[in-house]
Amino acid sequence: MPQPHFIVVTYPAQGHINPTLQFAKHLIRIGVRVTYITSISASRRMTKVPTAEGLSFLPFSDGYDDGIKPGDDTDHYLSEFKRRGKDAISEFITSSENEGKPITCIVYSLLLHWAAEVARKHHIPSALLWIQPATVFDIYYFYFNGYESAIKAQADETNPKCSIKLPGLPPLFTRDLPSFVIASTVYQSALSLFQEQMDVLAEEPNAKILINTFDALEHEALNAIEKFKTVGIGPLVPSSFFNSKDALDNSLRADLFQSDSKNCCSNRVGSV
């Protein structure tokens with residue numbers, strides 16, 4: 001059988017890149033060939049482009065190769081990122097097939113739900129890599145599936161003791177909710193992306209959702225939604241965080257910002 005060949009596609013933001021690279025590391029360790037896809041703008045900002053045996057780095061142009069600037073049309077940027085990203089992935093799938101290295105799975109980070117459309121078009125399995133905790137996934141799901149009014153009614157920032165009860169989850173306080181949900185009118189464009197993500201998952205007959213957590217930490221949250229089978233595959237952090245020496249830790253990380261201190265931790269696993 002040919003070597004398994006995964007595409008890992010990620011949104012070009014710091015909080016997405018390092019967790020997805022850690023996931024790629026685990027795939028490489030079990031013998032999977034990984035092609036890592038993100039934008040040219042992200043690769044240009046990286047202080048060091050990640051390299052490892054079994055990893056190919058494939059940046060594509062989203063039309064904003066120098067990055068999105070203040071004042072740029074965010075909706076246009078996201079539209080171009082989607083259009084060009086779909087084209088880049090489709091072209092790579094076709095070329096890989098012609099070279100005898102077919103793609104066996106596409107794994108995409110949150111906000112890139114359109115990657116699942118590309119996978120379906122080419123009859124390739126896909127999976128969402130949710131880089132945030134399972135509880136956050138559940139909150140977004142319930143927000144868009146019958147609990148929006150209840151969450152908005154109880155999300156009172158002036159009353160920190162006000163709790164919210166969602167199915168299968170312990171009581172949550174306002175401080176536990178994503179800011180996109182609390183201030184939905186301010187973050188409407190971002191919130192709509194999460195809604196699109198949930199809509200795409202709902203259309204999948206057997207959606208595969210990999211979450212940056214582990215069962216002992218969020219057992220309830222991983223089982224709160226009957227409709228989906230979620231699997232904890234985290235924590236997606238360098239092994240060195242656990243006093244373990246891993247040769248791939250230094251090579252499979254990428255920082256988009258220069259740290260001003262050796263004590264600054266640039267692997268922000270929960271950031272959007």
Side-chain angles (χ1 to χ4, degrees), residues 1-13 16-17 19-28 30-40 42-43 54-63 78-132 134 137 140-141 144 192-212 225 227-234 236 272:
M1 293 181 64
Q3 181 183 20
H5 187 180
F6 278 43
I7 287 176
V8 175
V9 55
T10 187
Y11 188 76
H16 293 237
I17 288 174
T20 50
L21 282 173
Q22 288 298 311
F23 179 72
K25 179 183 75 175
H26 294 309
L27 291 176
I28 292 169
I30 61 173
V32 176
R33 176 186 177 88
V34 176
T35 297
Y36 190 87
I37 298 180
T38 191
S39 69
I40 288 175
S43 65
L55 174 72
S56 298
F57 196 76
L58 183 66
F60 70 93
S61 176
D62 57 10
L78 291 172
S79 176
E80 284 297 284
F81 189 91
K82 174 181 178 179
R83 181 178 69 83
R84 295 178 182 230
K86 290 175 71 173
D87 288 345
I89 295 172
S90 290
E91 291 172 6
F92 181 71
I93 290 171
T94 300
S95 64
S96 296
E97 183 73 33
N98 294 336
E99 293 171 4
K101 302 174 182 177
I103 304 302
T104 48
C105 186
I106 296 177
V107 179
Y108 60 97
S109 70
L110 60 91
L111 305 183
L112 303 184
H113 52 274
W114 44 263
E117 300 173 20
V118 179
R120 285 197 300 271
K121 176 183 176 182
H122 291 272
H123 308 290
I124 297 172
S126 67
L128 165 64
L129 178 56
W130 185 268
I131 59 172
Q132 298 175 325
F137 177 86
Y140 279 119
Y141 174 81
F144 297 119
S192 65
L193 293 176
F194 285 96
Q195 182 169 16
E196 290 176 23
Q197 177 71 83
M198 293 300 170
D199 291 343
V200 168
L201 290 174
E203 294 173 2
E204 292 281 343
N206 184 25
K208 300 176 182 64
I209 306 166
L210 313 176
I211 299 188
N212 187 8
I225 303 174
K227 181 179 179 63
F228 297 134
K229 173 61 177 177
T230 56
V231 180
I233 46 80
L236 296 176
V272 173

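Numbering of residues begins at 1 and proceeds along the displayed sequence.
With hydrogens and angles disregarded, no donor-acceptor distance shorter than 3.5 Å links the side chain of S96 to the backbone of I103. Judged by distance alone, the side chain of N212 and the main-chain N or O of I131 form a donor-acceptor pair under 3.5 Å. Q3 places a side-chain N or O within donor-acceptor distance of the main-chain N or O of G31, the cut-off being under 3.5 Å.
Nearest heavy-atom pair across H5 and P102 is CB-O, 3.4 Å. The heavy-atom pair separating I211 from A134 by the smallest distance is CG2-N, 3.6 Å. Residues I17 and A42 come closest through the heavy atom pair CD1-CB, 4.2 Å. What you find for K121 and S90 is that their closest heavy atoms are NZ-OG, 4.4 Å. Looking at every heavy atom in both residues, V9 comes nearest to A115 through CG1-CB, 4.0 Å.
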Discussion item. Evaluate L128 against V200 for side-chain contact (heavy atoms from CB on, under 4.5 Å), listing each step before the verdict.
Written reply: CA-CA 10 Å; L128 165 64; V200 168; over 6 Å; no
Discussion item. Could you walk me through whether M198 and Q195 satisfy the side-chain contact (heavy atoms from CB on, under 4.5 Å) test, starting with their C-alpha distance in whole Å, then the side-chain angles of each, then the deciding distance to 0.1 Å, before giving a yes or no?
Written reply: CA-CA 5 Å; M198 293 300 170; Q195 182 169 16; 5.8 Å; no
Practice prompt. Start with the C-alpha gap between H122 and T94, add the side-chain angles, then the distance that decides, and say whether side-chain contact (heavy atoms from CB on, under 4.5 Å) holds.
Written response: CA-CA 9 Å; H122 291 272; T94 300; 4.0 Å; yes
Item to complete: Check step by step if side-chain contact (heavy atoms from CB on, under 4.5 Å) holds for E91 and F60.
Response: CA-CA 11 Å; E91 291 172 6; F60 70 93; over 6 Å; no
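The pair E117-R120 fails the salt-bridge criterion, with no side-chain N (NZ, NE, NH1 or NH2) lying under 4.0 Å from an Asp/Glu carboxylate O.
Partners of I233 under the side chain to side chain contact (heavy atoms under 4.5 Å, CB included) rule, at least two apart in sequence or in another chain, are F23, L129, L210, V231, L236. For S192, there are no side chain to side chain contact (heavy atoms under 4.5 Å, CB included) partners two or more places apart in sequence or in a different chain.
Side-chain atoms of T20 and Y36 form a donor-acceptor pair, as typed in the model, at a separation below 3.5 Å.
Within the model, atoms CG of L110 and CD1 of I209 stand 11.5 Å from one another, a figure rounded to the nearest 0.5 Å. For the atom pair CG of L201 and NE2 of H113, the computed distance is 10.0 Å after rounding to the nearest 0.5 Å. Atom OG of S126 sits about 5.0 Å away from atom CD of E204, to the nearest 0.5 Å. Between the NE2 atom of H26 and the CG atom of L21 there is a distance of 11.5 Å, given to the nearest 0.5 Å. Interatomic distance, CG of L112 versus OH of Y11, reported as 8.5 Å (0.5 Å rounding).
Among T35, I93, V8, I37, the single residue meeting the side chain to side chain contact (heavy atoms under 4.5 Å, CB included) criterion with I106 is I93.
Aromatic rings from F194 and Y141 are positioned such that their centres are separated by 6.0 Å or more.
In this structure, E80 and R83 have side chains that are in contact, with non-hydrogen atoms separated by less than 4.5 Å. Y108 has its side chain out of reach of I7: every pair of non-hydrogen atoms, C-beta onward, lies at least 4.5 Å apart. Residues V118 and F92 fail the side-chain proximity criterion, which asks for heavy atoms closer than 4.5 Å. At least one side-chain heavy atom of F228 sits under 4.5 Å from a side-chain heavy atom of F137. Side chains of L111 and H16 form a contact here, defined as non-hydrogen atoms less than 4.5 Å apart.
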